[in-house]
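Numbered from 1 within each chain, the chains take letters A, B, ... in sequence-line order.
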Amino acid sequence: GAVVSQHPSWVICKSGTSVKIECRSLDFQATTMFWYRQFPKQSLMLMATSNEGSKATYEQGVEKDKFLINHASLTLSTLTVTSAHPEDSSFYICSGWGQQETQYFGPGTRLLVL
Amino acid sequence: DAKTTQPTSMDCAEGRAANLPCNHSTISGNEYVYWYRQIHSQGPQYIIHGLKNNETNEMASLIITEDRKSSTLILPHATLRDTAVYYCIVRVAAPGDDMRFGAGTRLTVKP
């Protein structure tokens, strides 16, 4: 199957700082990638859809100015959590459609804001 | 999107087949049935998908009923490493569409 990587795999930061998470499709090109977050004991929730060369679209309730998404190339999308607060602590996961009608997910990035 | 219904949890003995059911009675003709699993603290892993016909790969088999209103994921010889949450998702295979996750089935494989 197709491979999606994320970096970093985990990050701890102080409240008020910004954190950038990278998502790369290693063996396929993705004009669209998706960002999810998952809180403990809950399922994945879509945050936003990242479109190469254009603005991301955000799900209702997700602040676009807080979660900045950049999709500068067909293999890289980044999510920046600006002015992070403890309530932003979560597991962030990206995905993209690979070959054969299948969506592949990254390994996730665990964010802890102190 | 078609809603799916899965049991909350299931147990399976190691070495036995694990059969995970999924109901999707409102599925549309162009919607696929996808199965993913999530092992603790990891991203979802693709398992298998199908439209009408039964499918098999190195990980599992997918059995879709003739009316397409339900399906079963079969792990032929479950191991302890198959312990995970399994998600059944019904979705059109369109690159612009995300996957919508429900609660899934927590499968515990026991020695």
(message) Measuring from atom NE2 of B:H49 to atom OG1 of A:T102, what distance do you get when rounded to the nearest 0.5 angstrom?
(response) 4.0 Å

(request) Give the cluster check for A:V62 versus A:F34: same hydrophobic cluster or not, with ILVMFWY residues linked at side-chain heavy-atom distances below 4.5 Å. (result) no

(message) Does any backbone or side-chain atom of B:Q38 lie under 4.5 Å from a heavy atom of chain A? Answer side chain, backbone, both or neither.
(response) side chain

(message) Using heavy-atom distances under 4.5 Å, tell me whether A:Q38 contacts chain B through its side chain, its backbone, both, or neither.
(response) side chain

(message) Same cluster or not: B:L80 versus B:L107, using hydrophobic residues (I, L, V, M, F, W, Y) connected whenever any side-chain heavy atoms lie under 4.5 Å apart?
(response) yes

(request) Check whether any side-chain heavy atom of A:W35 lies under 4.5 Å from a side-chain heavy atom of B:D98, and answer yes or no. (result) no

(request) Please indicate whether B:R106 has more than 12 foreign heavy atoms, meaning atoms of other residues, nucleotides or ligands, lying under 6.0 Å from its CZ. (result) no

(message) Using only atom types and a distance under 3.5 Å, with no angle test, would you say the side chain of A:S43 pairs donor to acceptor with the backbone of B:A103?
(response) no

(message) With a 4.5 Å cut-off on side-chain heavy atoms, are B:P44 and A:Y104 touching?
(response) no

(request) Decide whether A:M33 and A:I69 are clustered together by the hydrophobic rule: side chain heavy atoms of Ile, Leu, Val, Met, Phe, Trp, Tyr closer than 4.5 Å, transitively. (result) no

(message) Could you check whether atom CE of B:M10 has more than 12 heavy atoms from other residues, nucleotides or ligands sitting under 6.0 Å from it?
(response) yes

(request) Flag yes if A:F28 and B:Y46 sit in one hydrophobic cluster, no otherwise; membership is Ile, Leu, Val, Met, Phe, Trp, Tyr, and two members link when side-chain heavy atoms are under 4.5 Å apart. (result) yes

(request) Determine whether B:L62 and B:I27 fall in the same hydrophobic cluster, where Ile, Leu, Val, Met, Phe, Trp and Tyr are linked whenever their side-chain heavy atoms lie under 4.5 Å apart. (result) yes

(message) Would the distance check show the side chain of B:Y36 and the main-chain N or O of A:Q103 forming a donor-acceptor pair, the cut-off being under 3.5 Å?
(response) yes

(request) Decide yes or no for B:M99 and A:W97: does some side-chain heavy atom of the first lie under 4.5 Å from some side-chain heavy atom of the second? (result) yes

(request) Using non-hydrogen atoms and a 4.5 Å limit, figure out which bit of A:I93 sits close to chain B: side chain, backbone, both or neither. (result) side chain

(request) Tell me whether the centres of the aromatic rings in A:F105 and B:F101 are closer together than 6.0 Å. (result) yes

